[in-house]
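This structure is a prediction, so every number in the text was calculated from the model and none was measured. Proteins come first, then strands; the chains are lettered A, B, ... in the order of their sequence lines, and each starts at number 1.
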Amino acid sequence: KAGVTQTPRYLIKTRGQQVTLSCSPISGHRSVSWYQQTPGQGLQFLFEYFSETQRNKGNFPGRFSGRQFSNSRSEMNVSTLELGDSALYLCASSLRTGREAFFGQGTRLTVV
Amino acid sequence: LAKTTQPISMDSYEGQEVNITCSHNNIATNDYITWYQQFPSQGPRFIIQGYKTKVTNEVASLFIPADRKSSTLSLPRVSLSDTAVYYCLVGDGDSGYALNFGKGTSLLVTP
């Protein structure tokens, strides 16, 4: 079966801009989680959606937001980009929260 | 929310068995223990999940003592391709399972 698909794979943005990242989960998976990974902070949880509802949220500023559509596809948005937002953004899907999660290849965001 | 503690790094030679221990002293009754593996610039990959005693699959074993305050991931006969970061997670859906990736254990396997 097809895996988790994240688009785009690479992105370069300028400070102050906004960006939208997309995640298509594995068919049938209703839980989608987003993570930010940087060398200094490791893998940090952003938020989790289940059936279009945000269930959990990590400790990130309000500039980071997300949503999930009825087909379980999810998007995350970062507004007013800062240099420190440069990171690998990973999306994971699972049948339900807490069970085996399948990760996408990630979107490498570079803010200049 | 159960906090996990695992070694920052470990070294091993090819062909050896590697055991990575994770401490989770305040694990809750409903919490599962899950391990993931991550290679550079890739998303983590699920290895194994367990609740108590021992779980084994084709790539690893997970040992959980009766008090469940720790767990040990065992990788038999590691190869160079097992060089990766290994994460221990504890929790269930309602307690915020997704929050606890931490820094993981960086395993280096050498010839």
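Within residues 71-92 of chain A, the residues having any heavy atom under 4.5 Å from a heavy atom of chain B are, by residue number, A:L88, A:L90.
Hydrophobic clustering of Ile, Leu, Val, Met, Phe, Trp and Tyr side chains at less than 4.5 Å, counting indirect connections, keeps B:V18 apart from B:F39. Both A:L43 and B:F46 are part of a single hydrophobic cluster, where members link through side-chain heavy atoms under 4.5 Å apart. Taken together through direct or relayed side-chain contacts under 4.5 Å among Ile, Leu, Val, Met, Phe, Trp and Tyr, B:L80 and B:V59 form part of one hydrophobic cluster. By the criterion of side-chain heavy atoms lying less than 4.5 angstrom apart, applied directly or through intervening Ile, Leu, Val, Met, Phe, Trp or Tyr residues, B:V55 is not grouped with B:F63; the two fall into different hydrophobic clusters.
Minimum interatomic distance between B:S41 and A:R108 (heavy atoms only, all atoms of both residues): OG-NH2, 3.6 Å.
In terms of modelled atom types and a separation under 3.5 Å, the side chain of B:Y36 and the main chain of A:A101 share a donor-acceptor contact.
In this structure, A:R15 places its CZ atom where only 12 or fewer heavy-atom neighbours from other residues, nucleotides or ligands lie under 6.0 Å away. Sparse packing is recorded around CD1 of A:I12, with 12 or fewer heavy atoms of other residues, nucleotides or ligands lying under 6.0 Å away.
Contacts of A:Q41 with chain B are made by backbone atoms alone, with heavy-atom separations under 4.5 Å and no side-chain atom involved.
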